[in-house]
Amino acid sequence: METSAVGGTIVTPGRKRVKFPGTALTWLAVTPFAAWAVARVAGLERGSLPTQIMTATPYAAAGSLVPLLIAAVGRKRAATAVALLATTALGFSVLPRALGGAETTTGRPLRVMTINMLFGRADAVTIMKLVREFNPDVLSTQELTPGAVSDLDAAGLEEVMPHRVLLPEWSAGGSGLYSRHPLEPLRGVMPPVGHQMPAALISLPGGKPVEFIDAHPFPPLGGYVTEWNEALAAFPSASPDRIRIIAGDFNASLDHAALRGLLARGYKDAADTVGAGLIPTWPANKRVPPIITIDHVLVDRRVGVKEVSVRDVPRTDHRAVLAELTVP
C-alpha cells in the first residue's frame with residue numbers, strides 16, 4: 001500500500017496462492033490406482049464384478065497419470081512415490097501390447113479368422129467378403145446357429161471352405177470350425193464347461209496336422225465366473241508333440257490372471273505379439289465404440305505371427321479378428 005501524490009491511497013492486491021489438494025485428498029486420488037496396480041500385477045481379482053472391472057486396466061493405466069501429477073505438483077513425496085509405482089506397474093502391464101512387431105519365423109503360412117456371430121445374426125455376406133479378401137485357412141465361429149450355417153453356405157462359404165466341424169445351437173452355445181483343408185474332429189479335448197468348443201486336426205499341405213480349438217467360455221457374469229475360470233483352466237497346455245491354436249471369444253482380456261495363466265502354459269497372444277493387443281473387439285456396432293479386447297488368437301510359441309487385424313461385421317457385437325501366421 002502507498003500514498004498517491006494527488007491524494008488517496010493506492011492498494012496493490014496481494015498475489016493469490018494456488019491451493020493444491022491436501023494430503024488426505026491426494027491419497028484419496030492415489031489409493032484406488034495403487035490398489036488396482038497391486039490387483040493386476042498379483043492377479044488378485046476375485047468374483048464377478050472385480051473380474052469384469054479388470055478389463056478396464058488400459059484405461060486405468062492412462063488415468064493413473066492424473067493422481068501422479070496431483071501428488072507431484074502438491075509436493076507430497078510419499079504419495080508421489082506410490083503413484084509413480086502404480087503408474088509404472090500399470091504401464092508395464094499394458095504398453096507391451098502396442099510395442100510388438102512382425103515375426104520372421106519360417107514355415108508354412110496359416111491364416112486364421114474368428115468371429116462371434118451374436119446368436120447367428122452376424123451378416124453372412126460381410127463375413128463371406130472377408131473370407132474372399134483375407135483367404136483364411138480356418139474360420140472359427142462362435143454363437144453359430146443352424147440358421148447361420150445356412151446363411152453362410154448360401155453366401156458361398158460351402159464352396160470355399162467345404163470342410164467343417166459344426167456344433168450349432170439355437171442359442172449362444174453353438175460354435176463351428178470351417179476349413180479349406182481336411183479336418184479330423186477331436187473328441188474330449190474340452191470338458192463340458194462353457195459353450196460348445198469343438199476341436200479338430202487340420203491337415204495342412206506339406207507338414208504335420210495342426211490342432212485347432214474353437215474357444216468360447218461363459219462370460220464371467222454372476223455365478224458364471226466359476227465356470228469361466230474352469231474353462232480357461234481346462235484348455236490343454238502346449239505340447240512338444242503337436243502345434244495347437246486356440247481362437248475365439250474368450251470373454252477375457254490379457255488383464256485377467258486366468259487368461260495369463262493359460263498363456264503361461266506355452267502360448268502367446270497373436271495380437272499382443274505384433275503390437276495389436278490394445279485394439280478393442282467388443283462391443284461392436286453400438287452407440288459407444290468398442291472398448292475391450294476379449295477375442296483372441298492364441299498360438300503355440302513356436303508359431304510365427306506376421307500380422308493381426310480387426311474388422312467390423314454388421315449385426316454382431318464382436319469384431320472379427322484376422323491373424324496371419326507361420327507354423328513350423
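Just so you know, these numbers use all the heavy atoms, side chains as well, and skip hydrogens, waters and symmetry mates.
- Residues Pro58 and Leu278 share a closest heavy-atom pair of CG-CD2, 4.2 Å.
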Passes side chain to side chain contact (heavy atoms under 4.5 Å, CB included), Thr88 versus Leu84? Steps please.
CA-CA 6 Å; Thr88 301; Leu84 180 60; 4.1 Å; yes
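- His163 NE2 to Ile202 CD1: the interatomic distance, rounded to the nearest 0.5 Å, is 11.0 Å.
- Counted by atom type alone, Ser48 and Gln52 present one or more donor-acceptor pairs between their side chains at under 3.5 Å.
- Between Tyr224 and Phe218, the ring planes lie tilted relative to each other; the angle falls in the 30° to 60° range.
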Could you check Leu177 against Ser140 for side chain to side chain contact (heavy atoms under 4.5 Å, CB included), going step by step and ending with a plain yes or no?
CA-CA 5 Å; Leu177 294 172; Ser140 175; 4.0 Å; yes
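- Contact of the Pro328 side chain with the Thr105 side chain is not registered, since no non-hydrogen atoms from C-beta on lie closer than 4.5 Å.
- Within the 4.5 Å cutoff, the side chain of Thr55 has no heavy atoms near those of the Trp282 side chain.
- Between Ser175 atom OG and Asp214 atom CG the span is 4.5 Å, to the nearest 0.5 Å.
- Checked by atom type and distance alone, the side chain of Arg180 pairs as donor or acceptor with a backbone atom of Pro136 at under 3.5 Å.
- In this structure, Arg265 is not positioned above the aromatic face of Phe235 in the sense of NZ or CZ being under 6.0 Å from the six-membered ring centre and within 45° of the axis.
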Check the pair Lys306 / Val274 against side chain to side chain contact (heavy atoms under 4.5 Å, CB included), numbers first and verdict last.
CA-CA 7 Å; Lys306 289 187 175 181; Val274 296; over 6 Å; no
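- The two residues Val189 and Leu186 make their nearest non-hydrogen contact at CG2-CB, 3.6 Å.
- A donor-acceptor pair under 3.5 Å links the side-chain atoms of Arg164 to the main chain of Pro162, judged by distance alone.
- The side-chain contact (heavy atoms from CB on, under 4.5 Å) test with Thr57 is passed by exactly one of Leu254, Asp255, Ile292: Asp255.
- One hydrophobic cluster, built from ILVMFWY side chains closer than 4.5 Å, holds both Ile243 and Val308.
- Using a 4.5 Å cut-off between side-chain heavy atoms of Ile, Leu, Val, Met, Phe, Trp and Tyr, with links allowed through other members, Val165 and Ile245 fall into the same hydrophobic cluster.
- Using a 30° and 60° split on the angle between ring planes, His296 and Phe250 fall in the perpendicular class, above 60°.
- Both Val321 and Val303 belong to a common hydrophobic cluster when Ile, Leu, Val, Met, Phe, Trp and Tyr are linked at side-chain heavy-atom distances under 4.5 angstrom.
- Remark: Glu143 pairs with Asn116 by the side-chain hydrogen bond (donor to acceptor under 3.5 Å, both in side chains) rule, at least two apart or across chains.
- The nearest pair of heavy atoms linking Pro50 to Arg46 is CG-O, 3.0 Å.
- Residues Leu183 and Phe212 form no side-chain contact, since every pair of their non-hydrogen atoms from C-beta on lies 4.5 Å or further apart.
- Atom CD1 of Ile115 sits about 8.0 Å away from atom CD of Gln142, to the nearest 0.5 Å.
- Using a 4.5 Å cut-off on side-chain heavy atoms (C-beta onward), Ile53 and Glu45 make no contact.
- For Arg301, the CZ atom is densely surrounded, since the number of other residues' heavy atoms within 6.0 Å is greater than 12.
- Side-chain heavy atoms closer than 4.5 Å link hydrophobic residues (I, L, V, M, F, W, Y) into clusters, and following such links, possibly through other members, connects Val160 to Leu166.
- Listed here is the closest heavy atom pair of Pro217 and Asp249: CD-O, 3.3 Å.
- Put simply, CH2 on Trp36 and OG1 on Thr31 are 14.5 Å apart, with the number rounded to the nearest 0.5 Å.
- For the 3.5 Å distance criterion, the side chains of Ser309 and Glu324 fail to qualify, holding no donor opposite an acceptor.
- Here the closest non-hydrogen pair linking Ala122 and Val313 is CB-CG1, 4.2 Å.
- Put simply, the side chain of Met54 does not reach to within 4.5 Å of the side chain of Ser253, judged on heavy atoms.
- Distance check: Leu118 CG to Asn285 CG gives 9.5 Å after rounding to the nearest 0.5 Å.
- A salt bridge is absent between Asp137 and Arg108: the closest approach of a Lys/Arg side-chain nitrogen to an acidic carboxylate oxygen does not fall below 4.0 angstrom.
- Judged purely by atom type and a 3.5 angstrom limit, Arg302 uses its side chain to pair as donor or acceptor with the backbone of Pro240.
- Of the possible donor and acceptor atoms, one in the side chain of Thr293 sits under 3.5 Å from a partner among the backbone N and O of Ile279.
- Without hydrogens or angle criteria, Tyr59 side chain to Ile291 main chain gives a donor-acceptor distance under 3.5 Å.
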Carefully, step by step, assess His318 and Ile294 under the rule side chain to side chain contact (heavy atoms under 4.5 Å, CB included).
CA-CA 9 Å; His318 288 255; Ile294 57 176; 3.8 Å; yes
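- Contact detail for Pro96 and Gly91: the closest heavy-atom pair is CD-O, 3.8 Å.
- Taking the charged nitrogens against the carboxylate oxygens, Asp312 and Arg319 do have a contact shorter than 4.0 Å, which makes a salt bridge.
- In this structure, Val138 and Val210 have side chains that are not in contact, with every pair of non-hydrogen atoms separated by 4.5 Å or more.
- Residue Leu68 holds its CG atom at 7.0 Å from OG1 of Thr80, rounded to the nearest 0.5 Å.
- By the rule that hydrophobic residues join a cluster once side-chain heavy atoms approach within less than 4.5 Å of another member, Trp228 and Met190 end up as members of one cluster.
- Judged by distance alone, the side chain of Arg315 and the main-chain N or O of Arg121 form a donor-acceptor pair under 3.5 Å.
- Side chains of Lys76 and Trp27 form no contact here, defined as non-hydrogen atoms less than 4.5 Å apart.
- With contacts defined as side-chain heavy-atom distances shorter than 4.5 Å, the pair Arg97/Asp269 does not qualify.
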